[in-house]
Amino acid sequence: MAATHDADTEGITRRKSLATLAGAGALALAGCTQSTGDGGDGGSDGSDGGSDSLSGSINIAGSSTVFPLMSAIAEDFAEDHPDVSIDISSTGSGGGFSNFFCVGETDFNNASRPIKPEEEQLCSDNGVEYVELIAATDALTVVVNPEADWIDSLTTEELATIWEADAVETWDEVRDEFPNEEIERFGAADTSGTYDYFIEAILGERGHTSDYQATEQDNTIAQGVSGSEYAIGYFGFSYYYQNPDQLKALGIDDGDGPVEPSLETASNGEYTPLSRPLFTYPSISSLGNEHVAEFARYFVEQTTNEDLVAGDVGYVPATEEIQEEQMQTLEDAIEQAQG
């Protein structure tokens with residue numbers, strides 16, 4: 001996959017590309033040489049350790065929220081290292097940990113929440129060691145149809161009544177002045193870190209309704225909400241950022257008045273409680289392969305790239321301080337892996 005580098009069109013082209021990729025839920029980047037392998041250790045057998053001759057495969061699964069950021073960074077990396085093939089799948093944070101990463105089948109797992117204790121145990125049972133890296137900050141976004149001119153914001157309590165296990169059925173049950181129309185819900189599947197975080201931040205012990213269309217493909221949520229005037233959905237800010245004309249983002253009132261999701265409000269702490277860190281987890285054994293280690297270094301380097309992280313993808317970049325801490329953590333892991 002080749003990137004477009006015209007100074008006037010690069011951001012627009014990248015955004016369209018990421019929106020398309022998000023709908024597909026998978027990305028494969030390969031240069032002139034396609035390596036084969038099962039992905040557990042990156043499938044490398046052709047690297048001599050020099051950055052100009054890196055080769056091998058990198059397999060990544062996990063969060064649909066982190067997917068567009070990882071895809072953009074992988075695309076740029078592949079341009080400089082055409083003999084490294086990178087396969088990225090959007091499986092959900094939990095689906096990635098349980099089905100791929102913690103059983104040794106992938107080199108990285110993207111996550112929109114920290115790894116859970118039971119996932120840590122599964123990794124340990126399978127001898128998979130890892131390191132946690134912060135990728136960016138997200139403003140988890142609640143969206144409705146742009147034709148819904150009767151709603152601009154919700155309180156966290158109103159949001160909970162829509163999504164809790166014993167959820168209301170019509171909009172006027174949420175607020176009297178809302179229409180007497182059935183609520184159509186589109187949201188993250190229960191294998192998603194976004195699903196987990198939404199429960200943690202909004203629902204708690206009230207649980208999550210099963211009366212909704214669940215998916216790991218965030219563009220499916222965007223399409224569902226854009227197609228129904230009385231629909232509501234939630235996902236990472238990047239997917240609203242890619243579809244600003246097809247969706248309407250709601251302000252969230254956590255007690256001090258409605259705050260709309262944006263890069264600024266996520267960065268300055270005003271957008272509560274739905275602002276959250278995003279992560280990627282490289283396998284330490286995979287970091288023993290030079291092409292995997294170099295990609296991990298490149299990923300951390302790009303986390304402060306405002307044009308890419310904020311401009312192209314729609315997340316808040318890491319600070320220089322956080323990047324330095326993450327790079328030291330990564331280098332320690334690489335040293336452990338490579339001796």
Side-chain angles (χ1 to χ4, degrees), residues 11-25 63-69 71-72 90 112 136-156 158-159 162-163 171 174-175 178-179 181-189 192-195 197-198 201-202 209 212-253 258-266 270-271 273-276 278 309-316:
I12 296 174
T13 303
R14 175 67 67 82
R15 289 184 200 178
K16 289 182 177 178
S17 173
L18 292 177
T20 301
L21 289 172
S63 168
S64 61
T65 305
V66 182
F67 180 87
L69 177 60
S71 299
S90 175
S112 57
T137 298
D138 175 37
L140 196 159
T141 301
V142 180
V143 293
V144 295
N145 188 280
E147 300 299 318
D149 55 6
W150 42 270
I151 184 172
D152 293 308
S153 66
L154 290 168
T155 67
T156 52
E158 289 171 334
L159 189 59
I162 294 171
W163 287 98
W171 279 105
V174 179
R175 195 182 297 178
F178 287 171
E181 298 286 348
E182 186 175 349
I183 301 170
E184 188 172 0
R185 304 173 182 88
F186 296 84
S192 167
T194 297
Y195 173 93
Y197 188 84
F198 194 79
I202 299 297
T209 180
Y212 76 111
Q213 296 190 44
T215 179
E216 273 303 340
Q217 305 308 319
D218 288 357
N219 256 24
T220 301
I221 298 174
Q223 291 163 7
V225 174
S226 67
S228 172
E229 183 178 350
Y230 301 105
I232 188 170
Y234 66 88
F235 45 34
F237 181 75
S238 177
Y239 291 87
Y240 168 70
Y241 188 74
Q242 313 299 338
N243 300 276
D245 297 328
Q246 287 75 45
L247 301 166
K248 178 180 180 179
L250 296 183
I252 301 299
D253 185 349
V259 177
E260 293 186 2
S262 69
L263 298 179
E264 181 180 1
T265 58
E270 292 181 6
Y271 186 66
L274 294 179
S275 178
R276 57 175 176 165
L278 305 176
V309 180
D312 290 346
V313 180
Y315 294 140
V316 178

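In this text, all values refer to a predicted model and were calculated from it rather than measured experimentally.
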Taking all heavy atoms of [X] and all of [Y], pick out the closest pair and write down the distance.
X      : Y      : result
Val143 : Ala249 : CG1-CA, 4.3 Å
Ala266 : Val316 : CB-CG2, 3.9 Å
Pro273 : Ile202 : CG-CD1, 3.9 Å
Gly236 : Asp138 : CA-OD2, 3.4 Å
Ala231 : Phe186 : CB-CE1, 3.8 Å
Gln246 : Ser226 : O-CB, 3.3 Å

Backbone of [Y] reached by a side-chain donor or acceptor of [X] within 3.5 Å:
X      : Y      : result
Asp253 : Leu154 : no
Glu216 : Ser192 : yes
Gln242 : Val313 : yes
Thr265 : Glu260 : yes
Tyr241 : Ala310 : yes
Tyr271 : Leu140 : yes
Tyr239 : Ser64  : yes
Tyr315 : Thr65  : yes

In the structure I gave you, are the side-chain heavy atoms of [X] and [Y] within less than 4.5 Å of one another anywhere?
X      : Y      : answer
Leu247 : Thr141 : no
Trp150 : Glu229 : yes
Thr220 : Gln213 : no
Ile232 : Ile151 : no
Leu69  : Ser238 : no
Pro261 : Tyr240 : no
Tyr197 : Ser112 : no
Leu250 : Leu159 : no

(request) Anything under 30° is parallel, anything over 60° is perpendicular, the rest tilted; go ahead and classify Tyr212 against Trp163. (result)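 Perpendicular, since the angle between the ring planes exceeds 60°.
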
(request) Could you tell me how the ring of Tyr234 sits relative to the ring of Phe198: parallel (under 30°), tilted (30 to 60°) or perpendicular (over 60°)? (result)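 If you compare the ring of Tyr234 with that of Phe198, the planes turn out parallel.
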
(request) Test side chain to side chain contact (heavy atoms under 4.5 Å, CB included) on Leu274 and Thr156 and set out the steps. (result) CA-CA 10 Å; Leu274 294 179; Thr156 52; over 6 Å; no

(message) Can you tell me how far apart OG (Ser228) and CZ (Arg185) are? Round to the nearest 0.5 Å.
(response)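 Nearest 0.5 Å value for the OG-CZ distance: 12.0 Å.
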
(message) Tell me whether Lys248 is salt-bridged to Asp152, with the criterion being a basic N under 4.0 Å from an acidic carboxylate O.
(response)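 Here Lys248 pairs with Asp152 in a salt bridge, since their nearest N and O are under 4.0 Å apart.
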
(request) Give a yes or no on this: more than 12 heavy atoms of other residues, nucleotides or ligands lie within 6.0 Å of atom CD of Glu158. (result)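 Yes - once you tally the heavy atoms of other residues, nucleotides and ligands closer than 6.0 Å, there are more than 12.
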
